[in-house]
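See structure below.
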Amino acid sequence: MNGTLKKALELLGGVVLGKEMQLRLSVACLLARGHLLIEDIPGIGKTTLAKALATVLGLDFKRVQFTNDLLPADVLGVSVFDAAEASFVFHPGPVFTNVLLADEINRGTPRTQSALLEVMEEQQVSLDNSTRLLPRPFFVLATQNALDQAGTYPLPESQLDRFLFRISLGYPDLDSELELLGRSQNAGRPVLPEAVTGADEILDLQERADHVRTSTPLLRYVRDLLEWTRAGGRFVNGLSPRAGQALVRASRAWAFLDGRDYVLPEDVQAVFPSLAVHRLRPAGGTPVDMGAVLDAVPIP
Amino acid sequence: MIHDKRRFSVVLAALAVAFAPHLMRVPAFVAAFVCSAWGYALGMQYRGWAVPPRWLRVILALGCLGLVFAHYGRSFGRDEGVALLSLMLGLKAVESKSVRDMLALLFLAYFVVVTNVLYSQGLLMSAYMVLSVLAVTAALIHLHSARPTLAPDLRGGAVLLAQSLPLALLLFVFFPRLPGALWGVQDDRDEGVTGFSDTLEPGSVSSLSLSGEVAFRVDFFGPAPDRDSLYWRGLVLDTFDGSKWFRNLPFEAAEKIADLPTDRTEYALTVEPHGKEWLFALDLPVIAPRGTVLRSDRTLVSLRLVRSRMRYDLVSAPAAPAVEAAGSRWTALPEDGNPRARELALKWRGEGRGTRGLIAAALDLFREGGFVYSLQPGAMEGDIIDQFLFASRQGYCEHYASAMTFLLRSAGVPARVVVGYQGGEFNPMGQYLIVRQSDAHAWVEVWEDGRWLRVDPTSVVAPQRLSVGAEAVFSPQGQGEAVHEGLRALRRVGRFFQLGWDAANNSWNQWVLGFSHDRQRSLWQRLGLDPSTRAGAGKLAGLLALGLAVVLGTVFWYMLRSRRAHTDPVAVQYARFCRAMERAGLPRRPSEGPVDYAGRIGLERPELGPAAREIADAYVALRYGVRGDMDAFNRLVGEFIGRKM
């Protein structure tokens, strides 16, 4: 594995306890130039994860708490008339950062949600006839509370597609819990580690992850997976071609994290559940385990 | 292009193997053209010689066509076809650039291999043809595998051939055969056949004596008769014109016999092609097998000229009835010539001897008159009987038979010359009798007491001729020379191999080449599939349809199966590993990745873990990675399977 990433994952593991898989997925998501949706109850460590990730990777971090009165300008920024200069001056919103934590995104109005999701896709802000590029890398971690549905605007499927992965953190295991409880210093908050890298290296790593090889048999496997989600009416919609491309990109990042220059079916299987879970809506309403999808499709 | 050199050399080597038997058969200019064309093609690959321009290739092709027609004239048959095929083999090599061209060459090579059967269907040639097919198939595999070594491709070819064997056997037994030779071209030639002609003159039998070629082989369906009664009658010669005996008897079939005599010998005779119509049978044939006629002189003739090996079942009995020697035919002699012999015969007759007495007198003359049994009696002209009887006194069996018949006829006793074979060599390895051209013989039949009595004058001159055969009489050790003991042992070993080889050839002839239309029919009948009855034909058709369905079904199944995973050699090899693990009770789930699977193997069967891990690594590197070592992977899987078994 790449030394920087290994170190980063180690450090992150010391902050978010017992969540190696989720940490890996988060880093892979960043490497694949994707955005991450974390669905969980409050107080499980979502903010900690986002902050730690930004800090360890040496990236800027900003946070937006979504509420139903949050306006797009609150996220993107606003032009204010400066009397002294006699011109409009742009005040960048929190979106101008490397890592943006969009907390409880489903509490925001559809209008604000759309504004953010558009920016996530385009990596630029278009306001007042001018286009402003966001810093790179740009990585959004959005959280939503799955249980508390009152007064929320669930993200439409078309917009869920903008998130590469959707993960849940879940409760820590017993040992981690114990260690967590034992942390007394700093009012129970973890001490954030030092940065091990910076934006430039992350960009370079993203570039390298793009060149991980995907052989024809592997692409055939991905195709078979996509095909399986579309056939047989198991889901309202199957995975889209864009989702397929995202799957390949994510698999590459996963393989790169593993230190390989080629993708294995195992890589695809590792990222598939997180990638497909928010994109596939079961036709009958009964949830379908993504592991069952993997089990049903033989590796060619 | 760089590895194409090697592939092309392999293809050319396979072509050479396929073409080699034709090298001596085609005209010299064809052989020279093919060799130089191949040489140039190699030069193209290794020295970068230019591909001949299109117009030159067209001219060459037309020129070859013209040369073949100029050489052979206007007829077009086997030799012309093969010559043309050979020329094209050379031309195609010169214009070969792509893999497609090499494929065309190899398929052409298969065709060239097949043309060998137009010349020889013997055991040796068949073995060579199998070898050629193996070589061409291996080259075909090599063309696709492009492996650095040939051994796996050869092995692959052998496996392929072995797999095709059951189907070939099935087709051999059940594919409908045409009556007669399939290769019509074979029928219009009789090359290299030796045997009798229908005239007997001094030298006609002795010239055969030097040939070790097989005349026919005999399987006895019971105890074989004694060696000295093994007289294989071929032709009865009834007319003498002063210099030679020939057959002049009008064709007349013998009457059929109601009951077979009790004292009979049953056997099957397989005659080598000799291009004539007569067949051979032991004294005296009583029934005519299918396709033959029994003449009134109790000789067998075939309805077709014997141009291919022919097997027929025979029954012979010494006591078969004979046709009365009526008329003057059997005592007729030329008006004049050989006065001294006539005088001697009349003198014997004047002494009041009966037929028996005359025979005894003639035999006594041969026994006591200083006669010598010789292969080179020297040339004789004019009154050849007189010269032989009173001057040279040296001769081979034809001289004795001819002279004795002349004497008896001069004395007014009906007599005739019979030519055929005497004796034969029993092959203990195949339990059959080999009769060679060197066993050719001539003897006399005399009419006495209502039947033709066989008299062999040679028996009194050279008794050992009948007990050991002519070959032994005239070979060095037969003349009692002191032969070194080691040399004799060596000769015995040689003899052993000769007999073994003949036995193998005989089995090949009987079971493979001899599997004719008739034998196929009789096999079907024995299986209850007689195509001439309605039920049998229906059953046969049903069986054939079923067989076809099974074969096609299998092919389709394989095609369907292989469409998914088994086209890639890497996948095939990995599937072998998975099957081995499945037998070990740890099957791979279809959706289980190779690394996960190896991990699970390591958990459940720790002793197999490291090897499985190695195989998985080699596999993913080959199938998903950038670089991989196919040979190492093959070796790993091979070792794994070998160790587990």
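Below, each value reflects all heavy atoms present in this structure, side chains not excepted, and no hydrogens, waters or symmetry copies. Since we're looking at a predicted model, the values are computed, not measured. Just so we're on the same page: letters track the sequence lines, and every chain starts at 1.
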Residue pair Ile299(A), Arg588(B): steps toward the side-chain contact (heavy atoms from CB on, under 4.5 Å) verdict
CA-CA 11 Å; Ile299(A) 297 172; Arg588(B) 183 177 81 98; 4.3 Å; yes
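- The OG1 atom of Thr216(A) sits 11.0 Å away from atom OH of Tyr624(B), with the distance rounded to the nearest 0.5 Å.
- In the displayed structure, Tyr46(B) atom OH is contacted under 6.0 Å by more than 12 heavy atoms of other residues, nucleotides or ligands.
- Of the atoms belonging to Leu218(A), heavy atoms from both backbone and side chain fall under 4.5 Å from chain B.
- Although no hydrogens or angles enter the test, the distance criterion places no donor-acceptor pair under 3.5 Å between the side chain of Arg623(B) and the main chain of Pro217(A).
- The environment of CZ in Arg281(A) is sparse: at most 12 heavy-atom neighbours from other residues, nucleotides or ligands sit within 6.0 Å.
- Residues of residues 590-599 of chain B having a heavy atom under 4.5 Å from any heavy atom of chain A, listed by number: Pro590(B), Ser591(B), Glu592(B), Gly593(B), Pro594(B), Val595(B), Asp596(B).
- By the 6.0 Å contact criterion, CG on Leu174(A) is open, its count of non-hydrogen atoms from other residues, nucleotides or ligands being 12 or less.
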